[in-house]
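I have placed the structure first, in the form of structure tokens, so that the comments after it can refer back to it.
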Amino acid sequence: QVQLVESGGGSVQVGGSLRLSCEASASSLRYYVIGWFRQAPGKDREGISCISSFDRSRYYADAVKDRFTISRDDAKDTVYLQMNNLRPEDTAVYYCAAVIDGLHECSGYVIGDGFDYWGQGTQVTVSS
């Protein structure tokens with residue numbers, strides 16, 4: 001069982017930045033694929049980014065490409081999502097998710113929603 005805790009959400013103005021953190025209870029996080037999802041009010045959950053185990057691959061949805069950067073620090077059992085140039089349409093609850101997989105690229109898990117463990121979410125609000 002892996003527990004995930006997101007932090008770093010908040011309220012910012014258009015063009016601002018936030019860095020989300022996803023801290024995991026897993027002692028061997030390096031073997032896990034980590035994904036970031038978001039859900040805006042009245043909309044379906046959207047997969048926006050992921051990072052494979054050992055940082056072999058990263059994936060970004062078109063909506064966040066070139067603005068968001070995912071990274072991981074396995075020594076701290078933490079994955080980060082740096083969000084720059086934020087827009088009102090980025091307003092949502094952001095969730096991280098994990099699945100153990102030491103071999104494959106991560107994009108399939110985001111597209112197929114194949115994660116086993118989920119955090120409780122952190123709110124991001126972007127105002128104009």
message: Between V124 and V64, is there shared hydrophobic-cluster membership here, with clusters defined by ILVMFWY side-chain heavy atoms closer than 4.5 Å?
response: yes
query: Mind checking whether I34 and V99 sit in one hydrophobic cluster, side chains of I, L, V, M, F, W, Y counted as touching below 4.5 Å?
result: no
message: Quick check: do V110 and S49 have side-chain heavy atoms less than 4.5 Å from each other?
response: no
task: Assess whether atom CD of E89 is packed by more than 12 heavy atoms of other residues, nucleotides or ligands within 6.0 Å.
output: yes
query: So, for Y109 and Y59, is the gap between ring centers shorter than 6.0 Å?
result: no
message: Main chain of N84, side chain of S17: is a donor-acceptor contact present, judged purely on distance under 3.5 Å?
response: no
- prompt: Which pairs pass salt bridge (Lys or Arg N to Asp or Glu O under 4.0 Å) with one or both residues in residues 19-36, sequence neighbours excluded?
  reply: none
query: Would a distance-only check, ignoring hydrogens and angles, find a side-chain to backbone donor-acceptor pair under 3.5 Å from S25 to Q3?
result: yes
- request: Report the distance from atom CG of D116 to atom CH2 of W118, rounding to the nearest 0.5 Å.
  value: 10.0 Å
- prompt: Roughly how far apart are N85 CG and D66 CG, rounded to 0.5 Å?
  reply: 10.5 Å
task: Verify the distance criterion only: is there a donor paired with an acceptor across the side chains of D73 and Y80 at less than 3.5 Å?
output: no
message: Nearest 0.5 angstrom please: S127 OG to L86 CG, how far?
response: 10.5 Å
- prompt: Counting only N and O atoms by type, is there a donor-acceptor contact under 3.5 Å from the side chain of S53 to the main-chain atoms of D101?
  reply: yes
query: Can you find a heavy atom in the side chain of F68 that is under 4.5 Å from one in the side chain of I48?
result: yes
- prompt: With the 4.5 Å side-chain cut-off for hydrophobic clustering, are Y94 and Y117 part of the same group?
  reply: yes
task: Using the rule that two of Ile, Leu, Val, Met, Phe, Trp, Tyr join whenever any of their side-chain heavy atoms come within less than 4.5 Å, decide whether V5 and I51 are in one cluster.
output: no
query: Are side-chain heavy atoms of F115 and V33 found at a separation under 4.5 Å?
result: yes
query: What pairs with V93 under side chain to side chain contact (heavy atoms under 4.5 Å, CB included), at least two apart in sequence or on another chain?
result: Y95, Q123
- request: May I ask you to check if R45 and W36 form a cation-pi contact, with NZ or CZ under 6.0 angstrom from the six-membered ring centre and within 45° of the axis?
  value: no
field: All pairs passing salt bridge (Lys or Arg N to Asp or Glu O under 4.0 Å) where residues 35-44 contributes a residue, at least two apart
entry: R38-E46, R38-D90
- line: Between the SG atom in C50 and the CG atom in L81, the distance rounded to the nearest 0.5 Å is 11.0 Å
message: Is there a side-chain contact between V2 and Y32 in this structure, where contact means two heavy atoms from C-beta onward sitting under 4.5 Å apart?
response: yes
message: For the CE atom of M83 and the CG atom of L18, what is their distance to the nearest 0.5 Å?
response: 4.5 Å
field: For A40 against A92, the heavy-atom pair lying closest together
entry: N-CB, 3.8 Å
- prompt: Is R58 reaching over with its side chain to a backbone N or O of S107, donor-acceptor style, under 3.5 angstrom?
  reply: no
- prompt: Looking at OG of S7 and CD of Q120, how far apart are the two atoms once the value is rounded to the nearest 0.5 Å?
  reply: 13.5 Å
task: Flag the pair C96 / E6 as yes when at least one side-chain heavy-atom distance between them is below 4.5 Å, and no otherwise.
output: yes
- prompt: Quick one: do L20 and V12 end up in the same hydrophobic cluster if we chain Ile, Leu, Val, Met, Phe, Trp and Tyr together by side-chain heavy atoms under 4.5 Å apart?
  reply: yes
Whether T91 side chain and T125 backbone form a donor-acceptor pair below 3.5 Å: no
field: Nearest heavy atoms of A63 and R67, plus distance in Å
entry: O-NH2, 2.8 Å
